[in-house]
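Beneath this line is the structure, given in structure tokens, with notes to follow.
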Amino acid sequence: GQSLEQPSEVTAVEGAIVQINCTYQTSGFYGLSWYQQHDGGAPTFLSYNALDGLEETGRFSSFLSRSDSYGYLLLQELQMKDSASYFCAVRVQTGANNLFFGTGTRLTVIP
Amino acid sequence: ETGVTQSPTHLIKTRGQQVTLRCSSQSGHNTVSWYQQALGQGPQFIFQYYREEENGRGNFPPRFSGLQFPNYSSELNVNALELDDSALYLCASSPGTVNSPLHFGNGTRLTVT
């Protein structure tokens, strides 16, 4: 079977830093992506790691270690608008852009 | 640039009926994927279409079928609806490259009673 594990809920203070971890066990691995979804909204792309290491995009960074089947999303200088669900997703099939999503981490940012 | 649009936004059907959901992909995107998202869960991959051909399918029964048209818009058809089919159905488009981000629409909320 395939599985992606991430914490179900995280609460953090505005202005702080939060890390959302993701461990995966999948039949194939062709990269780890992160998506953000606000309540009632569409998932929106945040980052993608195909190789080991850190990718930085503004306040968001994402890390991948393929040997540990592990990645994380780091959110810095948290803002109230960052309150949302965050999903890690693994591309499990070569030649097709289909993703296997985790169950999501609900981030609540408090004042 | 027009994003991904889906119709209808909400739909109520009775068990055993059939439903068709529609999706217009983002301009310049030739690949469309469909996902099912149950409440409190992550999206689950149904299938993907590239240049009108299905090129990937998740673990969904054959009563879930689709089409992609020459203008790259797409339809998802579900026959013999079951109560468990109640979910948010998301369409996502992307350029043809496999590592490109998915651009999701706001989805169709399907309720089966």
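Convention: sequence-line order gives letters A, B, ...; per-chain numbering from 1.
- Within a 6.0 Å sphere centred on CG of Asn71(B), other residues, nucleotides and ligands contribute more than 12 heavy atoms.
- Cluster annotation: Phe64(B) is connected to Leu83(B) through the hydrophobic network of ILVMFWY side chains, with a link wherever side-chain heavy atoms come within less than 4.5 Å.
- Contact check for Tyr35(A) versus Leu102(B): side-chain heavy atoms found under the 4.5 Å cut-off.
- When the shell of 6.0 Å around CG of Leu39(B) is examined, it contains 12 or fewer heavy atoms from other residues, nucleotides or ligands.
- Between Gln37(A) and Leu88(B), the closest heavy-atom pair is NE2-CD2, 4.4 Å.
- With a 6.0 Å radius and a threshold of 12 heavy atoms from other residues, nucleotides or ligands, Glu5(A) has its CD atom at or below the threshold.
- Tyr48(A) and Tyr24(A) fall into different hydrophobic clusters, where Ile, Leu, Val, Met, Phe, Trp and Tyr residues are linked whenever their side-chain heavy atoms come under 4.5 Å apart, directly or through other members.
- One distance of note links CZ of Phe104(B) with CZ of Phe45(A); it measures 11.5 Å at 0.5 Å rounding.
- Taking chain A as the reference chain and counting heavy-atom pairs below 4.5 Å, the highest number among Gly40(B), Gly42(B), Pro43(B) is found for Pro43(B).
- No single ILVMFWY cluster, assembled from side-chain heavy atoms under 4.5 Å apart, contains both Tyr30(A) and Tyr35(B).
- The 12-atom threshold is exceeded at CD1 of Ile110(A), counting heavy atoms of other residues, nucleotides or ligands nearer than 6.0 Å.
- Of the two parts of Phe100(A), neither the backbone nor the side chain holds a non-hydrogen atom closer than 4.5 Å to a non-hydrogen atom of chain B.
- In this structure, Tyr50(B) is not a member of the same hydrophobic cluster as Phe47(B), with clusters built from ILVMFWY side-chain heavy atoms closer than 4.5 Å.
- Taking 4.5 Å as the heavy-atom cut-off, the residues of residues 56-88 of chain A that approach chain B are Phe87(A), ordered by number.
- Trp34(B) and Phe45(B) are assigned to two separate hydrophobic clusters, defined by single-linkage of ILVMFWY side chains at heavy-atom distances under 4.5 Å.
- Across all their heavy atoms, Asn98(A) and Gln48(B) have their closest contact at N-OE1, 3.8 Å.
- Annotation for Arg63(B): atom CZ counts as buried by contact number, over 12 foreign heavy atoms lying within 6.0 Å.
- Contact annotation for Gln37(B): only side-chain heavy atoms (C-beta onward) come within less than 4.5 Å of a heavy atom of chain A.
- Using a 4.5 Å cut-off between heavy atoms, Ser33(A) makes no contact with chain B at all.
- For chain B, the option among Ala42(A), Gly40(A), Pro43(A), Gly41(A) with the highest count of heavy-atom pairs below 4.5 Å is Pro43(A).
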